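A quick note: this is a predicted structure, and the numbers were derived from the prediction, not measured. Order of the sequence lines sets the chain letters (A, B, ...), proteins ahead of strands, with each chain counted from 1. The figures here come from the full heavy-atom set of this structure, side chains too, leaving out hydrogens, waters and symmetry mates.
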Amino acid sequence: MPELPEVEIYRLYLESSSLHQPVEDIEVEDPKLLTTPFATLQEALKGRWFTGTERVGKNLFVFTDGPDHPEQPLILHMHFGMTGDLEYYHSSLDRPKYARIVFHFRNGFNLGFICPRKFERIGLIDDIPTYLKRKKIGKDGLIISLSELDSQIRRKKAFIKPVLMDQSTVAGLGNWIVDEVLFQARVHPEKRTENLTDDDIKRLHDAIQLVLTIAIRHEAQYRDFPIHFLIHVREWDNSPYDDVEAHKFCPRCGTRIAKSEVGGRTTYYCPNDQRL
DNA sequence: TTAGGTGTTTTGAC
DNA sequence: TGTCAAAACACCTA
């Protein structure tokens, strides 16, 4: 799932593959995927090229430049929903499945925006701060300070899990990362924010840094994450473990991992290590 | 008013 | 073939 670490990997991928190549044409299978009218997008980007990127939480921003109106900053925004991905390819024979939006570059290469579930979005924005304010997107998970996280959490009264998934609290955490953060910090997903101690929040802040840093270091390949991570209890398609039962127990204490629903999301936690 | 909670959207994998 | 998963947003309630 494209949460902060995946989007960071996509950002680096786009930077290493797709900069400084004029866009010849843009192909869009379904206009629902756009937050800007197709004609506007086409008109604005044809002949321009990508110059750099910026990421805030799960949002990827791509800066552009061009020969016609170089003084006008045009920024492309990408959100990868639940199944989004990027693939740079040359031959149409190599076109990836579900590449529903494709940027055809003048050099014959293409950047495919892959979106099997159509939860993904692309569009033009004027400037990043305005966009972040309008969408109520908070500080990025990698740079938020302990005091900023503390004040964000303290102003909300709800279970900690949905509060951490709220992009206005801290940007970039989705369902599995929040489960992992709560597990590493030993905080129950249904603990009310009013009942969190200062030490709980300190451990949550540490855990956010730990989980995001390790996920990026392993290029968001879940199977490569440390064995003491909770993520291995999830039934991934390509789990590295042959014994399906073996990873349904807490890697710290051996207690069977509990599965429940919190805030409408499937939630895994250790009932022994994470108590209310 | 608005924070917090719930439902909807969307499609492929199994 | 039906069920499940997910993020963001519309909508509802107190």
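- Ranking B:dT10, C:dA8, C:dC9 by closeness to the A:K135 side chain, first place goes to C:dC9.
- The side chain of A:M82 lies closest to C:dA5, out of B:dT11, B:dG12, C:dA5.
- Taking only side-chain atoms of A:T266, from C-beta outward, the nucleotide of B:dT10, B:dG4, C:dA6 with the closest atom is C:dA6.
- Note: A:F225 and A:F229 have perpendicular aromatic rings, judged against thresholds of 30 and 60 degrees for the angle between ring planes.
- Taking 4.0 angstrom as the limit, A:K136 places none of its side-chain polar atoms (N or O) nearer than this to OP1 or OP2 of C:dA8.
- Although no hydrogens or angles enter the test, the distance criterion places no donor-acceptor pair under 3.5 Å between the side chain of A:T53 and the main chain of A:V62.
- In the helix from B:dT2-C:dA14 to B:dC14-C:dG2, the end axes, each obtained as the rotation axis mapping the C1' atoms of four pairs onto the next four within a five-pair block, lie 40° apart to the nearest 10 degrees.
- Spacing between atom CG of A:D166 and atom C1' of C:dA8 amounts to 11 Å, rounded to whole angstrom units.
- Distance A:H79 NE2 to B:dT9 C1': 15 Å, rounded to the nearest Å.
- Residue A:Y98 has its side chain nearest to B:dG12 when only B:dG12, C:dA7, C:dC9 are considered.
- Note on A:G81: only backbone sugar-phosphate atoms sit closer than 4.0 angstrom, heavy atoms only; bases stay farther off.
- For A:R265, the listed nucleotide lying nearest its side chain is C:dA7; candidates were B:dG5, B:dT10, C:dA7.
- Both tests hold for A:R252 against A:F183: distance to the six-membered ring centre under 6.0 Å, angle to the ring axis within 45°.
- Nearest-nucleotide mapping onto DNA chain B: of A:R117 and A:G263, the residue sitting toward the 5' end is A:G263.
- Distance, A:K32 NZ to B:dT11 C1': 12 Å, rounded to whole Å.
- Counting heavy-atom neighbours within 6.0 Å of A:D126 CG, excluding the residue itself, gives a total of 12 or less.
- By the 5.5 Å and 30° criteria, A:F119 is not stacked with the base of C:dA8.
- Rounded to whole Å, atom C1' of C:dA8 lies 17 Å from atom NZ of A:K118.
- Side-chain atoms of A:T197 and A:D199 form no donor-acceptor pair, as typed in the model, at a separation below 3.5 Å.
- Within 4.0 Å (heavy atoms only), A:R134 reaches no atom of the nucleic acid at all.
- Rounded to an integer number of Å, the gap from A:L164 CG to C:dA7 P is 13 Å.
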Note to self: The test is side-chain contact (heavy atoms from CB on, under 4.5 Å); show your working for A:L132 and A:I128 and say whether it passes.
What the structure shows: CA-CA 6 Å; A:L132 297 177; A:I128 295 175; 3.7 Å; yes

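- At whole-Å resolution of the value, CG in A:D30 and P in B:dT9 are 15 Å apart.
- Side-chain atoms of A:E120 come within 3.5 Å of backbone N or O of A:K118 as a donor-acceptor pair.
- When each of B:dT11, C:dC9, C:dA6 is scored by its nearest atom to the side-chain atoms of A:N175, the top-ranked nucleotide is C:dA6.
- To the nearest angstrom, C1' of C:dA8 lies 14 Å from CG of A:L33.
- Counting non-hydrogen atoms under 4.0 angstrom, A:E3 reaches the backbone sugars and phosphates but no base.
- Within a 6.0 Å radius of CD in A:E43, no more than 12 heavy atoms belonging to other residues, nucleotides or ligands are found.
- Side chain of A:Q167, nearest nucleotide from B:dG12, C:dA8, B:dG5: C:dA8.
- Taking atom CG of residue A:D179 and atom C1' of nucleotide C:dA5, one finds them 13 Å apart after rounding to whole Å.
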